[in-house]
Amino acid sequence: MAPHDSKRYNPKESEPKWRKAWTDADSFRAVADPNRPKYYVLEMFPYPSGRLHMGHVRNYALGDVIARFKRARGFSVLHPMGWDAFGLPAENAAMERGVDPKAWTYDNIARMRDELKQLGLSIDWSREFATCDVEYYGKQQAWFLDLFAKGLVYRKEGVVNWDPVDQTVLANEQVVDGRGWRSGAVVEKRKLSQWFMRITDYADQLTDDLAALDRWPDKVRVMQENWIGRSKGLKFRFHMAGEAPVSEIEVYTTRPDTLYGASFVGIAPDHPLAAEVAARDPKAAAFVEECRRGAATEAEIETAEKKGYDTGLRVKHPFDPSWELPVWIANFILMDYGTGAIFACPAHDQRDLDFCRKYGLSVRPVILPDGEDPRTFAIGEEAYTGPGILYNSNGLDGLNIESAKRQVIQWMETERRGEGSTVFRLRDWGVSRQRAWGCPIPVVHCEKDGVVAVPKDALPVAHPADIDFSKSGNALDRHPTWKHTTCPKCGGPATRETDTLDTFVDSSWYFARFANPHADEPIDQAAADYWMPVDQYIGGIEHAVLHLLYARFVTKALADDGQLSVREPFAGLFTQGMVTHETYRRQNGEWLEPREVEITVEGNLRRAVLGGTGEPVVIGDSEKMSKSKRNTVAPEEIFDVYGVDAARLFVLSDSPPDRDVQWTSGGVQGAWRFVNRVWDEFDSQPQGETATAEPDAELRRATHKLVKQVTEAIDTFRFNSGIARLYEFLNLLKANPAKGGSPAVLAARREALSAFARLIAPFTPHLAEECWVRIGGQGMVVEAPWPTFDPALTEDAVKILPVQVNGKRRGEISAPAGAEPAEVEKIVLADPDITQRLEGLTVRKIIVVKDRIVNIVAA
RNA sequence: GCCGCCGUAGCUCAGUGGUAGAGCGCAUCCUUGGUAAGGCUGAGGUCGGCAGUUCAAUCCUGCCCGGCGGCACCA
C-alpha cells in the first residue's frame with residue numbers, strides 16, 4: 001500500500017522540465033511525410049504588443065488541443081507561429097518615446113515569444129517569422145508586383161476614408177459605424193491618389209465559393225455574403241424628353257417588374273448630370289453643395305433626412321414615350337453603387353415612398369397582394385414589398401414578380417435599351433497607408449515614365465535605418481534621401497512610392513509562407529501543395545469581413561497566377577469567444593482591478609468592498625477584459641500561482657469554445673484542484689506490479705466509454721464537454737481507490753490511468769507527462785498514440801430501464817442489454833412495484849424502446 | 001426594419017424524443033502530520049411563456065417574451 005509520503009504536484013518544477021524535454025526531443029517539428037495524412041492547425045497570429053493576455057491563452061490553447069490530438073492520432077501536423085508585426089503601435093511608441101519602431105517591435109516579439117513558450121504549446125518554432133522581417137515583406141513585394149503586372153493592382157484618385165487620428169486612409173471594411181476600426185475616430189472623406197487591389201474581380205467567386213466552406217460558421221459566411229452584397233437586376237437607359245445636356249440616363253434596378261409604377265428618376269448629387277445641371281442652375285448648385293457638406297462622414301449619411309431637388313429635366317417612360325417622368329437629384333442615392341441613378345417606384349419601396357410623400361409625387365401600385373381587391377388596394381405610409389401579381393401594368397398584368405422581371409429584362413435586351421446585370425456592394429480594396437512602419441510599395445514615380453515597378457532583382461525595397469518619427473504624418477515621405485532614386489526604365493531621376501501596404505496585406509498570405517518560410521519564391525509550391533489548405537483556422541469573429549475576406553481573395557489571385565494550388569486558404573474555421581471578467585466600480589465611478597476588491601458571500605448574495613477601506617464596490621456585468629475597465633487578469637500571475645496547465649484547463653473547461661468564457665478566481669481554483677486530484681489518483685496507484693486479475697468489468701466499461709466520449713468531444717470542438725466527462729471519471733476513480741482496492745479494481749485502474757493520462761494530454765500536457773511517468777508509460781505522452789476503445793465495451797451489459805405509466809415515471813427495472821420487447825414486458829409485469837401501480841387499471845398497450853424505456857398505457 | 005444565435009440549479013454552462021447533469025458557490029459533518037489544504041453527505045430545477053404533433057416534449061413545429069451579435073437609404 002502506497003503511503004501518502006509524496007509531495008503535492010508541483011507545476012513550477014514539472015512544467016519547465018517537460019517543455020525542455022519536448023524541445024530537446026524536437027517533438028513538434030512539422031515533417032511533410034507523404035505517407036501520413038497531414039493536418040495544418042493555425043491560430044490567427046498575434047500582434048506583438050509585448051504582453052500576453054487571457055484572450056491569447058484561450059486562442060492558442062484551443063489550437064493546441066487540436067494539434068496535440070491530431071498528432072496523437074497519427075497525423076503529420078503543422079502548427080506554426082509568427083508575428084503580425086507591422087502597424088501603428090510601433091510608430092506611436094516611436095513618436096511618444098523616441099524609440100526605434102524596429103527595435104521596439106523585436107523587443108516585444110522576444111518578450112511575447114517567451115510568454116507563449118511558457119504556455120507549453122506544441123508549436124514548430126523553427127518556422128517562426130515576423131511580417132516586418134525584410135525576408136518576408138520582400139517576398140510580399142515580389143507577388144505584389146506579379147499582381148500589378150496582371151492588372152489586379154492599380155492606382156486611382158478617388159474619395160477615400162481618412163482617419164484623422166491615425167493619419168491614414170482606411171479600406172471600407174475598416175470603417176465601422178463611421179469610425180476607424182482601430183482608432184475609433186470619426187472617419188472623413190478625402191480625395192486622394194491611392195493604390196487598390198481589384199478584389200471586385202473576384203466578387204462572384206468569393207460569394208459562390210462560400211457554399212463549399214462547410215466547416216465555417218454559418219454566421220461568418222452570411223456576414224461575408226452580406227458584405228459582398230451581390231444583387232441581380234437590370235441596367236437600362238431612359239431617353240430624355242426635350243432639351244437636356246445628355247441624351248439618356250442609365251439606371252440600375254432590382255425591380256424591373258415595377259417599371260409601370262415609376263414616379264421619377266433620381267440621380268446622386270455627385271452624378272455627372274447633376275454637375276451639368278448645377279453649372280446652369282444656381283439653386284441646383286446650392287443643393288448639390290449642401291449634400292456634399294452634409295455628408296462629410298459615413299455616420300451622417302446614414303441618419304440624414306431624405307431631400308431632393310427637381311432639375312426640371314424630363315425622361316420618357318420606356319414603355320410609353322408620351323409618359324414623362326421628372327428627374328430629381330436626391331441625397332439618398334449613392335454614386336458608387338450601381339449607376340448612381342435609379343427610377344423610383346414608391347408603392348413598392350419604402351425610401352421612394354418617403355420621398356414621394358414629402359414632395360407630393362404620384363404613387364401608383366403595380367403589385368397586388370394575394371386576396372386584395374384591385375379596386376380598393378391602396379398604399380398608405382408603408383410600401384408593399386411582398387409577393388403578388390402584376391396589375392396596372394398593361395402587358396405585364398397577371399404575371400408573378402419573377403416572370404415580370406424576366407420579361408422586362410428580355411424586352412430591354414431585345415430593344416438594346418439595357419441588359420441584365422449583377423451589381424456588388426463590395427468595393428476594391430484600398431491598400432495604401434500613409435505610414436512608414438509597413439511594407440513599402442515597390443514602385444517608383446518617374447517624370448517621364450510615370451509609375452514604374454521596381455525590378456524583381458532590386459527587391460526588397462527596405463526601410464531606411466534612420467527614420468525620424470518626431471513629427472506626425474508619413475515619416476517615410478519626410479526622410480531626406482530614401483525616396484530619391486533613379487527610374488529603372490530610363491535611368492532618370494525618380495522618387496519612390498512612400499505609401500506602405502495595409503497590414504491586412506501582410507496577413508493575407510502568411511499561412512502559405514509557413515509551408516516553407518525560407519523559400520526563395522514567396523510560396524514554395526511543393527511544400528504548399530502538401531500543407532495547404534489550413535485544415536483548422538482559429539481566431540476571433542471580428543475578422544469575419546476583414547482578414548478572412550482579404551485572405552480568400554489573395555489566395556485566389558495567387559492561385560490564378562500559378563503560385564498556389566488551392567483556391568481557399570482555410571478549409572475549417574473556428575471563431576472562439578472572448579475571455580470576460582466581472583467589472584468593479586467605486587461609488588465615484590472609478591474602475592477597480594479585481595485584485596483591489598474583496599468579495600464576500602452570504603447565501604446567494606455577493607457583496608464587494610474595496611480592500612483595506614471597506615468602501616462598498618458596485619459589481620458590474622462580466623465584460624471583455626480590457627485595460628480601460630481594469631478587469632484584466634495577468635496570465636503570468638496565474639501561471640505563477642496555479643501553473644500553466646490549470647490556466648489552460650480553466651479557459652477550456654468553463655464554456656463551449658465558441659462562447660465567451662467568464663474568468664473567475666473560483667474557476668481557476670477548481671481547475672487547480674482537479675490537477676491535484678488527478679495527480680493523487682496516479683500517485684496512489686502501486687508501481688511496478690503486473691496485473692494478476694481480470695479487470696473489474698464496470699470500471700473497464702466506464703474507461704472505454706470515457707475514451708469514446710472525449711474523442712468525440714474533441715473532434716466536434718466541444719472541449720468543455722470532454723473535460724466535464726474527465727471530471728466525472730475522476731470521481732469514479734475516487735470511488736474505486738487503489739488503497740485497499742481488489743486486484744480486479746487495481747487491474748482496471750491500470751488501464752483507466754493509461755487512457756486518462758493520454759486523454760488529458762491535449763488540455764494539460766505537462767501534467768499528462770508527469771502522470772505517464774508515474775505509471776511507467778513508454779517514452780513521453782507526446783509520442784504515445786491516442787487511446788482506442790472497444791465499442792462493445794462502451795455499452796452496459798445490464799440496462800436500467802425506467803418504467804412509465806401513462807407517460808409518468810413510476811419505477812425502474814433491470815434487463816439484459818438488447819432484451820426483446822416481449823422479454824422486457826415479462827419483467828415489467830412481474831415487478832411488484834409496477835403491478836401495484838396498475839391495480840384497478842386495464843393495460844391498453846406496452847411500449848418498449850429497446851435498452852431505453854418502457855411506457856405502459858393504461859386506463 | 002431584415003438575418004442569425006441564445007434562454008436548463010444561485011453563477012458559468014453540458015445534455016437528450018424516453019431516469020435532468022458538471023464545475024463553482026451554498027449548507028451539514030469529518031479531518032487538523034497533505035493544512036493559505038483534504039474529504040463525506042446534502043439542499044437547490046413548472047429545462048423563458050403559450051399552443052400543437054406524440055404513448056411520451058426540456059428536445060420536434062408554430063406563435064410570443066427576453067438577451068446578444070451582424071447588416072441596414074445598396075435601388
Side-chain angles (χ1 to χ4, degrees), chain A residues 4-9 176 217-223 225-227 229-231 233-234 251-255 258 266 268 301-306 330-334 336-345 348-352 354-355 382 385 423-426 541 544-545 580 582 601-606 622 650 653-656 658-671 673-674 676-677 680 683 713 718 720-728 731 734 800-809 811-812 844-849 851-858:
Chain A
H4 277 282
D5 58 356
S6 48
K7 292 191 195 93
R8 299 185 67 191
Y9 180 66
V176 181
D218 288 343
K219 193 188 204 176
V220 175
R221 291 194 286 178
V222 167
M223 283 166 76
E225 202 176 329
N226 287 344
W227 186 264
R230 177 162 69 187
S231 85
L234 167 72
V251 300
Y252 173 72
T253 181
T254 55
R255 293 300 300 270
T258 63
I301 290 169
E302 281 170 23
T303 51
E305 191 196 344
K306 285 182 184 52
N331 67 342
F332 68 92
I333 299 169
L334 308 173
D336 61 355
Y337 187 81
T339 61
I342 61 157
F343 81 81
C345 176
H348 307 295
D349 183 291
Q350 192 61 45
R351 293 157 302 179
D352 297 346
D354 293 346
F355 191 89
E382 227 166 276
T385 56
V423 162
F424 297 92
R425 202 185 82 106
L426 183 72
I541 186 103
V545 289
T580 69
E582 268 183 344
V601 180
E602 295 160 31
N604 287 324
L605 254 185
R606 296 174 73 241
S622 200
F650 174 54
S653 68
D654 220 40
S655 286
D658 53 338
R659 295 248 209 125
D660 290 353
V661 62
Q662 190 175 340
W663 184 275
T664 59
S665 58
V668 71
Q669 279 163 26
R673 279 202 282 269
F674 177 79
N676 281 292
R677 293 201 299 148
D680 278 350
D683 197 33
R718 284 154 41 240
N720 60 322
S721 298
I723 293 169
R725 299 291 87 77
L726 291 165
Y727 271 81
E728 284 170 17
N731 287 338
K734 273 218 167 319
I800 309 283
L801 305 185
V803 179
Q804 296 178 333
V805 176
N806 291 333
K808 291 205 171 112
R809 183 169 183 264
E812 58 186 37
R844 293 270 159 83
K845 198 174 175 189
I846 300 183
I847 298 144
V848 178
V849 181
D851 290 344
R852 303 203 72 168
I853 200 165
V854 181
N855 190 13
I856 301 169
V857 184

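Side-chain atoms are counted along with the backbone in the values below, which use heavy atoms only and exclude waters and symmetry mates. In what follows, chains are A, B, ... by sequence order, proteins preceding strands, each numbered from 1.
Checked against B:G34, B:A75, B:A72, the side chain of A:Tyr337 finds its nearest nucleotide in B:A75. In the set B:G15, B:G23, B:G70, the nucleotide with an atom closest to the side chain of A:Tyr727 is B:G23. Among the nucleotides B:G39, B:G69, B:C13, the one closest to the side chain of A:Arg677 is B:G39. When each of B:G25, B:U12, B:G15 is scored by its nearest atom to the side-chain atoms of A:Gln662, the top-ranked nucleotide is B:U12. In this structure, of B:A22, B:G69, B:C13, it is B:G69 that holds the atom nearest to the side chain of A:Lys219. Side-chain proximity of A:Arg673 to B:C71, B:A14, B:C24: nearest is B:C24. If you check B:C3, B:A14, B:A75 against the side chain of A:Arg725, the one that comes closest is B:A14. Considering only side-chain atoms of A:Asn226, the nucleotide from B:G34, B:A75, B:C71 that sits closest is B:C71. Listed nucleotides: B:G39, B:A75, B:G23. Nearest to the side chain of A:Ile333: B:A75.
For the pair A:Tyr9 OH and B:G38 P, the interatomic distance rounds to 16 Å; values are reported in whole Å. Atoms CH2 (A:Trp663) and P (B:C13) sit 15 Å apart, rounded to a whole Å. B:C68 atom C1' lies 13 Å from atom CD1 of A:Ile541, rounded to whole Å. Rounding to whole angstrom units, CD of residue A:Gln669 and C1' of B:C26 are separated by 16 Å. Note: CH2 (A:Trp227) to C1' (B:G70) measures 11 Å, nearest angstrom. B:A75 atom C1' lies 13 Å from atom CD of A:Gln350, rounded to whole Å. For the pair A:Asn676 CG and B:U35 P, the interatomic distance rounds to 11 Å; values are reported in whole Å. Taking atom CG on A:Asn720 and atom C1' on B:G21, their separation rounds to 13 Å, with Å as the unit.
By the side chain to side chain contact (heavy atoms under 4.5 Å, CB included) test, A:Gln669 pairs with A:Tyr642, A:Ser665, sequence neighbours left out. By the side chain to side chain contact (heavy atoms under 4.5 Å, CB included) test, A:Arg673 is found to be paired with no residue, residues two or more places apart in sequence or in another chain being considered. Every residue two or more places apart in sequence or in another chain that forms a side chain to side chain contact (heavy atoms under 4.5 Å, CB included) with A:Asn226 is listed here: A:Val222. Residues passing the side chain to side chain contact (heavy atoms under 4.5 Å, CB included) test with A:Thr253, sequence neighbours excluded: A:Leu234, A:Phe236, A:Arg255, A:Pro256, A:Phe343. Here A:Phe332 pairs with A:Phe355 under the ring pair (Phe, Tyr, Trp, His ring centres under 6.0 Å) rule; sequence neighbours left out.
By the 4.5 Å heavy-atom criterion applied to side chains, A:Val661 and A:Asn720 are not counted as neighbours.
For B:G44 and B:C11, the C1' atoms lie 13 Å apart once the distance is rounded to whole Å. Rounded to whole Å, the separation between the C1' atoms of B:A20 and B:A9 comes to 10 Å. Taking atom P in both B:G10 and B:A27, the straight-line distance is 16 Å, to the nearest Å. Annotation: B:U31 and B:C24 have their P atoms spaced 23 Å apart (nearest Å). The P atoms of B:A72 and B:A14 are separated by 30 Å, rounded to the nearest whole Å. With both ends at atom C1', the span from B:C71 to B:U8 equals 31 Å, rounded to whole Å. Straight-line distance between the C1' atoms of B:C47 and B:U19: roughly 15 Å, to the nearest whole Å. Straight-line distance between the P atoms of B:G7 and B:G17: roughly 16 Å, to the nearest whole Å.
Side chain A:Asp680 to base B:G34: a donor-acceptor pair is found below 3.5 Å.
Summarising the geometry, atom CZ belonging to A:Phe674 is positioned 5.5 Å from atom CG belonging to A:Leu726; distances are rounded to the nearest 0.5 Å.
In terms of phosphate contacts, A:Arg425 brings no side-chain nitrogen or oxygen within less than 4.0 Å of OP1 or OP2 of B:A75.
For A:Ser653 and A:Tyr727, the side-chain atoms include no donor-acceptor pair closer than 3.5 Å.
Base pairing in RNA chain B yields stems of at least 3 consecutive Watson-Crick or G-U pairs, both distances under 3.5 Å, namely B:1-7 with B:65-71, B:10-13 with B:21-24, B:48-52 with B:60-64.
Across every non-hydrogen atom of A:Val220 and A:Ala544, the tightest pair is CG1-CB, 4.1 Å.
If you find the closest nucleotide of RNA chain B to A:Lys734 and to A:Gly229, the one lying nearer the 5' end belongs to A:Lys734.
Counting non-hydrogen atoms under 4.0 angstrom, A:Thr664 reaches nothing in the nucleic acid.
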